[in-house]
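Every number for a ligand or one of its atoms is a count from 1 in the order of the listing. As the structure is a prediction and not an experimental result, all values here were calculated from the model.
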Amino acid sequence: MLQDQIRYMDSYDILTDLANRNLMEEDFTNNLPNFIKNANPVALLYIDIDDFAFINESKGYHAGDHLLRDMANRMKNIIKKDDLISRLTQDEFVIVLTGEETLEDIDIRINEISKGTKMEWEFEEEKYMISTTIGVAIYPKDGMDFINLLKSGHLALECAKENSRSSFEYFSKERKCSIVKDLSGVSDVKLALETGQFEMYYQPIHDLKTHRFENAESLIRWKHPEKGYISPAYFIPIAERAGIIDEIGEFTLEQVFKQKSQLNKLEHGLKKISINISAISFSKGSFADTIKEKLKKYGLKGEEIVLELTESSFSTHGNMIKKNIEELRELGIEIFMDDFGTGYSSLARLKDLQMDYIKLDRAFIVALLDENGQEIIKPLISLANALGKNVVSEGIETQEQCSILNKLGSEYGQGYFLSKPMPYEELEKLIKEQSEKG
Ligand code: C2E
Ligand code: CA
Ligand code: CA
């Protein structure tokens with residue numbers, strides 16, 4: 001009971017019963033993989049009640065609380081099922097629109113919300129005209145994570161308040177020299193490649209029973225000299241759109257093959273290395289040949305390489321991918337289907353597809369401890385097992401998740417609980433430690 005109470009207070013605003021900032025940030029972050037996958041614009045609305053201080057001061061806190069609750073109820077009625085909503089502080093609310101397909105649709109929704117939060121409000125037989133001002137930030141253009149998007153939304157709100165009340169305004173790049181502006185300049189990525197700002201990290205893929213590992217997934221890291229760490233979840237899609245993903249792919253393959261051959265020279269190596277491949281590269285006719293050349297160059301066998309391809313690319317990039325997969329599997333290379341479970345359409349076709357393992361998307365693991373979480377995951381794992389595929393669960397952060405997943409039939413797993421992604425040197429050390437343990 002006390003535990004429940006504490007958890008509630010950690011995540012909710014008691015006055016309005018809306019999510020608080022913590023929960024909103026968590027929900028937003030958990031949804032990021034879907035935002036990226038769907039490639040639709042997501043809008044964060046930073047909403048402020050006009051003249052709230054006036055009500056609070058002239059009518060007392062009791063009136064202020066009343067207004068906040070009424071406003072919260074109004075907002076709950078205008079939002080759609082997939083939208084996120086929270087009260088941040090005092091009279092500041094945030095709504096995130098996640099289900100719109102275009103910027104025009106977003107604009108229509110914002111107009112509705114702006115109108116819907118205008119109301120004639122009655123308190124102790126007096127009437128007040130209440131309205132809101134809204135600052136809008138669009139993901140990923142105005143911020144690539146919750147914190148940055150919120151910042152942009154807040155700046156937009158400040159601008160909106162300066163210009164006029166009871167309206168809304170979009171975040172404007174001109175007001176702030178944002179990272180996005182430079183990033184969309186493809187030259188930045190090219191420069192990063194030339195000046196060695198990219199590096200490969202490795203995250204072990206563990207056996208969930210023994211916790212040992214024989215494979216590790218390579219994950220690219222961009223350490224920008226001024227902007228710090230930039231997530232691949234952000235720049236890979238940009239590189240894909242800009243037509244320079246092959247250059248990044250070439251860097252990844254070179255680096256990983258080289259480091260795998262380096263590992264092979266040590267007393268204790270690693271059976272396999274797993275590499276993420278963009279569907280754009282994978283659907284090129286020359287892709288299998290590129291891999292063959294690299295195997296030869298670094299003296300590796302096909303059995304030492306695993307290639308990860310997202311579930312959606314299996315279905316959207318058709319025949320060339322199929323042909324490449326067949327050719328690569330003949331060499332002994334294994335194919336992992338990444339982010340499984342996010343595109344239901346392909347479930348039925350699963351048995352026709354050529355893949356060796358499937359990776360259960362992190363979004364499912366997060367939901368595991370929810371009421372119905374296990375009921376959703378169980379059939380996914382059973383289906384995979386029935387088709388003779390092993391399941392790797394992604395994003396395992398607790399012991400509890402680890403043992404439940406193992407019980408449900410997932411043999412392998414990755415996640416911060418088991419090992420975080422690490423630089424090559426640390427991977428070497430970890431492999432050594434593991435073999436010394438015996
Ligand atoms: P992914 O293939 O689904 O990779 C798993 C992501 O989950 C990684 O994010 C990893 O760091 C993160 N992760 C691992 N364990 C946990 C955990 O316990 N909790 C949480 N919250 N996250 C965890 P990362 O490294 O940011 O990579 C994001 C995506 O970028 C990858 O998703 C992959 O699609 C893409 N990517 C990464 N490296 C490459 C690359 O070399 N080439 C290509 N084409 N794509 C890459
Ligand atoms: Ca992956
Ligand atoms: Ca994944």
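- Protein heavy atom closest to atom 28 (C) of ligand 1, with residue, atom name and distance, is Pro232 CG, 3.9 Å.
- Side chains of Gln197 and Thr195: a donor-acceptor N/O pair is present below 3.5 angstrom, by distance only.
- Looking only at N/O/S atoms, Glu217 comes nearest to the Ca ion (ligand 2) through OE2.
- Within a 4.0 Å radius of atom 9 (O) of ligand 1, the protein has no heavy atom.
- The distance from the CD1 atom of Ile277 to the CD1 atom of Ile291 is 5.5 Å, given to the nearest 0.5 Å.
- Distance check on atom 32 (O) of ligand 1: every protein heavy atom falls at or beyond the 4.0 Å cut-off.
- Taking the six-membered ring for Trp and thresholds of 30 and 60 degrees, Tyr139 and Phe35 have ring planes inclined between 30 and 60 degrees apart.
- Between the side chains of Gln203 and Gln414, at least one donor N or O sits under 3.5 Å from an acceptor N or O.
- Looking only at protein heavy atoms, the nearest one to atom 41 (O) of ligand 1 is Thr252 OG1, 3.2 Å.
- Residue Glu394 places a heavy atom under 4.0 Å from ligand 1.
- In summary, the atoms of ligand 1 found under 4.0 Å from a heavy atom of Met200, numbered by their order in the structure, are 41 (O).
- Between Phe93 and Tyr46, the gap from one ring centroid to the other reaches at least 6.0 Å.
- For Glu308, the N, O or S atom with the smallest separation from the Ca ion (ligand 2) is OE1.
- A donor-acceptor pair is defined here as one N or O able to donate and one able to accept, closer than 3.5 Å; such a pair exists between the side chain of Asn38 and the backbone of Asn34.
- The side-chain heavy atoms of Leu208 and Glu411, taken from C-beta on, include no pair separated by under 4.5 Å.
- If you number the atoms of ligand 1 from 1 as listed, the ones under 4.0 Å from a heavy atom of Glu217 come out as 2 (O), 4 (O).
- Shortest contact from atom 42 (N) of ligand 1 to any protein heavy atom: Asn276 O, 3.4 Å.
- Partner of Glu334 under the salt bridge (Lys or Arg N to Asp or Glu O under 4.0 Å) criterion, out of Lys359, Arg329, Lys272: Lys272 alone.
- The single protein non-hydrogen atom nearest to atom 12 (C) of ligand 1 is Tyr416 OH, 4.3 Å, given as residue, atom name and distance.
- Atom 25 (O) of ligand 1 is approached by the protein to below 4.0 angstrom, counting heavy atoms only.
- Of all the atoms in ligand 1, the ones that sit under 4.0 Å from a non-hydrogen atom of Asp339 are 3 (O).
- The aromatic rings of Trp222 and Phe235 sit perpendicular to each other, their planes meeting at more than 60°, with 30° as the lower class boundary.
- Neither the backbone nor the side chain of Asp361 comes within 4.0 Å of ligand 1, counting heavy atoms alone.
- Here the protein heavy atom with the shortest distance to atom 7 (O) of ligand 1 is Arg362 CD, 4.7 Å.
- For a distance bound of 3.0 Å, the N, O or S atoms of Asp339 include none lying that close to the Ca ion (ligand 2).
- Remark: side-chain polar atoms of Thr102 are paired, donor with acceptor, to backbone N or O of Asp105 under 3.5 angstrom.
- The protein non-hydrogen atom at the shortest distance from atom 4 (O) of ligand 1 is Leu219 CD2, 3.7 Å.
- For Asn40 and Glu100, the side-chain atoms include no donor-acceptor pair closer than 3.5 Å.
- Within the 4.0 Å heavy-atom criterion, neither part of Thr310 lies near ligand 1.
- Between Phe251 and Phe198, the ring planes are tilted. Angles from 30° to 60° get that label.
- For ligand 1 and Gln203, the ligand atoms under 4.0 Å from any heavy atom of the residue are 14 (C), 15 (N).
- If you check which protein heavy atom lies closest to atom 20 (C) of ligand 1, you get Glu397 OE2, 3.3 Å.
- Contact annotation: Ser274 places no N, O or S atom under 3.0 Å from the Ca ion (ligand 2).
- Near Pro421, meaning under 4.0 Å from one of its heavy atoms, ligand 1 places the atoms 11 (O).
- Nearest protein neighbour of atom 39 (C) of ligand 1, counting heavy atoms only, is Ile220 CG2, 3.7 Å.
- No other N/O/S atom of Asp338 lies as close to the Ca ion (ligand 3) as OD1 does.
- Side chains of Tyr424 and Gln255: a donor-acceptor N/O pair is absent below 3.5 angstrom, by distance only.
- No hydrogens or angles considered: nothing links the side chains of Lys389 and Asn385 as a donor-acceptor pair under 3.5 Å.
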